[in-house]
**Student:** 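Have a look at the structure that comes next, please.
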Amino acid sequence: MTFSSEKSAGGVGPSADGSRISAHAAQVLRAGLGAFLALAAVGGLAQASHQPWILGSFGATCVLLFGFPDGPFSQPRNIIGGHLLTTFTGLLFLQLCGPGWLPMAAAGACALMLMMLTRTVHPPAGSNPVIVFMAQPGWSFLLLPTLAGAALILLIGWLYWRLLQRRRWPGSWY
């Protein structure tokens with residue numbers, strides 16, 4: 001089946017003449033391939049190393065990085081900075097206040113404010129304090145899976161956009 005740029009249910013529909021794939025459908029396929037490669041790399045490394053390379057928020061990071069690569073929330077500063085800052089905030093609140101819904105909510109609110117103040121807003125990272133309070137990990141969680149996983153996804157994104165898609169990415173490193 002071929003696709004056209006005409007919007008239908010889900011934003012992609014068959015072309016009238018059945019002869020081409022639209023730019024939109026190609027964009028959707030490229031985004032899916034990028035997300036697959038990044039998540040497969042993180043998941044495969046987690047399985048091979050028996051280490052926790054995966055955060056639930058990494059799926060949403062891939063949505064932004066591969067679906068909307070030019071957006072401000074998809075830039076390296078936001079991806080790395082947002083994930084590190086929010087995980088650190090979650091760990092700090094967990095350490096200082098202990099587990100509970102109020103410290104978790106306070107950690108999430110503070111993490112948001114800190115991302116805004118430091119210009120590192122990355123919406124998927126907003127879930128990291130919640131993940132921290134659910135998992136109750138130690139400080140090493142900041143390095144693995146947070147930093148290592150985000151850095152690997154960023155590297156895959158850079159390689160994907162530069163080498164496979166031959167386009168300039170990122171818009172800005174900082």
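The first residue of the sequence shown is numbered 1, and numbering continues consecutively from there.
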**Student:** What pairs with Phe141 under ring-ring contact (aromatic ring centres under 6.0 Å, His included), at least two apart in sequence or on another chain?
**Tutor:**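 Listed in chain order: nothing, the list is empty.
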**Student:** Measure from the side-chain N and O atoms of Gln75 to the backbone N and O of Pro69, and report whether any donor-acceptor pair falls under 3.5 Å.
**Tutor:**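 Yes.
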**Student:** Show your working on side chain to side chain contact (heavy atoms under 4.5 Å, CB included) between Trp169 and Tyr160 and close with a plain yes or no.
**Tutor:** CA-CA 9 Å; Trp169 185 89; Tyr160 180 79; over 6 Å; no
**Student:** Under a single-linkage rule joining Ile, Leu, Val, Met, Phe, Trp and Tyr whose side-chain heavy atoms are separated by less than 4.5 Å, which residues share a cluster with Trp101?
**Tutor:**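 In the cluster with Trp101 are Leu102.
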**Student:** To the nearest 0.5 angstrom, please state how far the OG1 atom of Thr61 sits from the NE2 atom of His122.
**Tutor:**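 With rounding to 0.5 Å, OG1 (Thr61) is 3.0 Å from NE2 (His122).
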**Student:** Taking the side chain as every heavy atom from C-beta outward, state whether Leu55 and Pro145 have any pair of such atoms under 4.5 Å apart.
**Tutor:**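 Leu55 reaches Pro145 side chain to side chain.
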**Student:** What residues form a ring-ring contact (aromatic ring centres under 6.0 Å, His included) with Phe88, not counting sequence neighbours?
**Tutor:**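 Only Trp139 meet the ring-ring contact (aromatic ring centres under 6.0 Å, His included) criterion with Phe88.
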**Student:** Heavy-atom distance under 4.5 Å between the side chains of Leu144 and Pro52, does that happen here?
**Tutor:**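 Leu144 reaches Pro52 side chain to side chain.
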**Student:** Roughly how far apart are Leu164 CG and Leu33 CG, rounded to 0.5 Å?
**Tutor:**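 If I round to the nearest 0.5 Å, the distance is 7.0 Å.
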**Student:** With a 3.5 Å cut-off and no angle check, do the side chains of Asn78 and Thr120 form a donor-acceptor pair?
**Tutor:**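 No, because no side-chain N or O of Asn78 sits under 3.5 Å from a partner of the opposite role on Thr120.
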**Student:** If you group Ile, Leu, Val, Met, Phe, Trp and Tyr by side-chain heavy-atom gaps below 4.5 Å, do Ile131 and Leu84 land in one group?
**Tutor:**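 Ile131 and Leu84: one cluster.
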**Student:** Which pair of non-hydrogen atoms, one from Gly90 and one from Ala107, has the smallest distance, and what is that distance?
**Tutor:**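 Gly90 and Ala107 have their closest heavy atoms at CA-CB, 4.1 Å.
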**Student:** Is there a side-chain contact between Ile79 and Ile153 (heavy atoms, below 4.5 Å)?
**Tutor:**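 Not touching, per the 4.5 Å side-chain cut-off.
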**Student:** Within the side chain of Gln136, is there an N or O that forms a donor-acceptor pair under 3.5 Å with the backbone of Val132?
**Tutor:**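 The answer is no, because no donor-acceptor pair under 3.5 Å joins these two groups.
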**Student:** Do Met134 and Leu91 share a hydrophobic cluster (ILVMFWY, side-chain heavy atoms under 4.5 Å, transitive)?
**Tutor:**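 Yes: a chain of side-chain contacts under 4.5 Å links Met134 to Leu91.
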**Student:** Kindly write out the residues that satisfy side-chain hydrogen bond (donor to acceptor under 3.5 Å, both in side chains) with Arg162, not counting sequence neighbours, or none if the list is empty.
**Tutor:**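 Per chain and number, Arg162 pairs via side-chain hydrogen bond (donor to acceptor under 3.5 Å, both in side chains) with no residue.
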**Student:** Where is the tightest heavy-atom contact between Ala25 and Ser22, given as atom of each residue plus distance?
**Tutor:**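 So the two residues come closest at N-OG, 3.1 Å.
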**Student:** Any side-chain heavy atom of Phe58 sitting closer than 4.5 Å to one from Trp53?
**Tutor:**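 No, side chains not in contact.
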**Student:** Quick one: pull up CZ in Phe66 and CZ in Phe36 and give me the separation to the nearest 0.5 Å.
**Tutor:**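 It is 12.0 Å, given to the nearest 0.5 Å.
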**Student:** To the closest 0.5 Å, what do you measure between CG (Leu92) and SG (Cys97)?
**Tutor:**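 One finds 8.0 Å between CG of Leu92 and SG of Cys97.
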**Student:** Without swapping roles, check the side chain of Thr146 against the backbone of His83 for a donor-acceptor pair under 3.5 Å.
**Tutor:**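 A pair under 3.5 Å: no.
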**Student:** Give me each pair satisfying salt bridge (charged side-chain N to carboxylate O under 4.0 Å, His left out) with a member in residues 56-71, each pair once, sequence neighbours excluded.
**Tutor:**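 As it turns out, the salt bridge (charged side-chain N to carboxylate O under 4.0 Å, His left out) pairs with a partner in residues 56-71, which skip direct neighbours, are Asp70-Arg167.
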**Student:** Would Met115 end up clustered with Leu117 when hydrophobic side chains under 4.5 Å apart are linked, directly or stepwise?
**Tutor:**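 Different clusters.
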**Student:** Over all heavy atoms of both residues, which pair between Thr86 and Ala111 is shortest? Give the atoms and the distance, please.
**Tutor:**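 Of all heavy-atom pairs spanning Thr86 and Ala111, the closest is CG2-CB, 3.7 Å.
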**Student:** What's the spacing between Gln165 CD and Leu163 CG if we round to 0.5 Å?
**Tutor:**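 One finds 10.5 Å between CD of Gln165 and CG of Leu163.
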**Student:** Shared ILVMFWY cluster between Trp161 and Ile80, side chains joined below 4.5 angstrom?
**Tutor:**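 Shared cluster, yes.
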**Student:** Quick check: do Pro129 and Phe93 have side-chain heavy atoms less than 4.5 Å from each other?
**Tutor:**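 With C-beta onward as the side chain, the pair stays apart.
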**Student:** Is there a path of hydrophobic side-chain contacts, each under 4.5 Å between heavy atoms, that joins Ile156 and Val63?
**Tutor:**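 Unlinked, Ile156 and Val63 end up in two clusters.
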**Student:** Taking Leu142's backbone N and O only, do any of them form a donor-acceptor pair with Thr87's side chain (distance below 3.5 Å, no angle check)?
**Tutor:**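 Checked: no pair found.
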**Student:** Once rounded to the nearest 0.5 Å, what's the spacing between atom CG of Leu64 and atom CZ of Phe73?
**Tutor:**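 So the CG of Leu64 and the CZ of Phe73 are separated by 8.5 Å.
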**Student:** For Phe133, what residues pass the ring-ring contact (aromatic ring centres under 6.0 Å, His included) criterion, not counting sequence neighbours?
**Tutor:**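 By the ring-ring contact (aromatic ring centres under 6.0 Å, His included) rule, Phe133 matches no residue at all.
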